[in-house]
There are 2 protein chains.
Amino acid sequence: MVGRLLPLDPIEEARRQWDQRWPGGATMAAATSIMRAQQIVQASVDEALKPYGLTFARYEALVLLAFSQRGSLPMGKMGERLMIHPTSVTNIVDRLEGQGFVRRRPHERDRRTTLVEITDAGREVMDEATGAVVACRFGLDFLSEAQLDQLTSLIRAVRVGSGEVPA
Amino acid sequence: MVGRLLPLDPIEEARRQWDQRWPGGATMAAATSIMRAQQIVQASVDEALKPYGLTFARYEALVLLAFSQRGSLPMGKMGERLMIHPTSVTNIVDRLEGQGFVRRRPHERDRRTTLVEITDAGREVMDEATGAVVACRFGLDFLSEAQLDQLTSLIRAVRVGSGEVPA
DNA sequence: ACATGATACTTGGACTTCCGACTATCTGTC
DNA sequence: GACAGATAGTCGGAAGTCCAAGTATCATGT
């Protein structure tokens, strides 16, 4: 019986033990699954982006800027859209600016705000990197279109619950 | 935390723009959703664990040790089960040891191996902390039992695809 | 016996993230 | 007009992650 020698799913194993002591084993299993899924997606995309000197976070920032109407956004707006902390925006923009993919510009009316503008080099690397990201399929190659939408929809319920997005 | 109410769902907005240029918008939306879900779970659990001086990562390590037969495991085995880098295990055990929740012990046969053993204080704080974690429901309060299982099952397909777990 | 390679853990460094505190600037109210 | 409070961004520090390299120990083959 070689098949029986294969290791068990560690998450199912943890759930089995959890259920013997505490309530909410299904919740624990789902939470652990989400943590693990994030690692898989992150590793897959970071691997695809490595040749371009980008991380997932910096790549997302470039895509956001490229999508924006004027090719520039205030730092705070970026953090809002990317759902990251203001200090993380500072860090990301520092590095992208060092790589020549974005530049900081002063806002004409409000001297508190700093606009971040994508450069031609930034658009170029973003275009090339996107090919690699699409090719790696975000590490989600084994899900069908329907399963992808199901996953997105389930997580939207979580995000609605957290108050992040309206129902 | 970054949680704020936004006028539109930024993920749906990004998907709309993505679909105008590149293939795989559903994959991008699912990947982004997973990244965001992880942040929500992490923030929720870290918040619940703060009064006990624990992070999610350290809490998971304590639970793993408490679940183990002898209450102790080699460092490498911990990293394997928790799916984290060996240096992260060193870091986590350093801090847990500093808090008095675990202790390092030499392996009797293999002097390369370091066993990590949970202490009485470790079991105690783990028990109390688990109450808080169960109460916060891992930030997944708005999902039904069926939805939780659906989520776990979908992500299991991802994990199978990544080769982490057998079909 | 002993050389070679594998294994177990640690160290130092780079990177990312968050929090708290800080400066600079704008806005609304009296 | 002035001032209290809100807002925008940055800095320093803590925590966590990974990688590359290093030390110590074990296992294997001749």
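First the proteins, then the strands, lettered A, B, ... as listed; each starts at 1. Keep in mind that the numbers below use all heavy atoms, side chains included, and drop hydrogens, waters and symmetry copies. None of these values were measured; they are calculated from a predicted model.
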key: Per-nucleotide protein contact string for nucleotides 3-16 of chain C (B base, S sugar-phosphate only, - none; heavy atom under 4.0 Å)   = ----BSSBB----S

request  = Check whether any side-chain heavy atom of Arg58(A) sits under 4.5 Å from a side-chain heavy atom of Gln99(A), and report yes or no.
outcome  = yes

message = What is the distance, to the nearest angstrom, from the CD atom on Glu108(B) to the P atom on dT25(D)?
response = 17 Å

remark   = Taken to the nearest whole Å, CE/Met83(B) to P/dT17(D) is 13 Å

inquiry  = Salt bridge check, Arg16(A) against Asp9(A): does any charged N sit closer than 4.0 Å to a carboxylate O?
reply    = no

ask   = Should Glu124(B) and Asp120(B) count as side-chain neighbours, where that means a heavy-atom distance under 4.5 Å?
value = no

ask   = Atom CZ of Arg111(A) and atom C1' of dA6(D): how far apart are they, to the nearest Å?
value = 18 Å

inquiry  = Measuring only between side-chain heavy atoms, which start at C-beta, is Leu148(A) closer than 4.5 Å to Phe138(A)?
reply    = no

task = Starting from C1' on dT27(C), measure out to CZ on Arg109(A) and report it in whole angstrom.
result = 15 Å

request  = To the nearest 0.5 Å, tell me how far Leu82(A) CG sits from Glu60(A) CD.
outcome  = 6.0 Å

note = Within residues 37-48 of chain A, those residues having any heavy atom closer than 4.0 Å to DNA chain C are none

request  = Would you mind reading off the distance between Leu49(B) atom CG and dA15(D) atom P, rounded to a whole angstrom?
outcome  = 15 Å

Pairing of Asp46(B) and Lys50(B) as salt bridge, 4.0 angstrom limit = no

task = Decide yes or no for Met78(B) and Leu65(B): does some side-chain heavy atom of the first lie under 4.5 Å from some side-chain heavy atom of the second?
result = yes

query = Can a salt bridge be assigned to the pair Glu12(B) and Arg156(A) using a cut-off of 4.0 Å between side-chain N and carboxylate O?
reply = yes

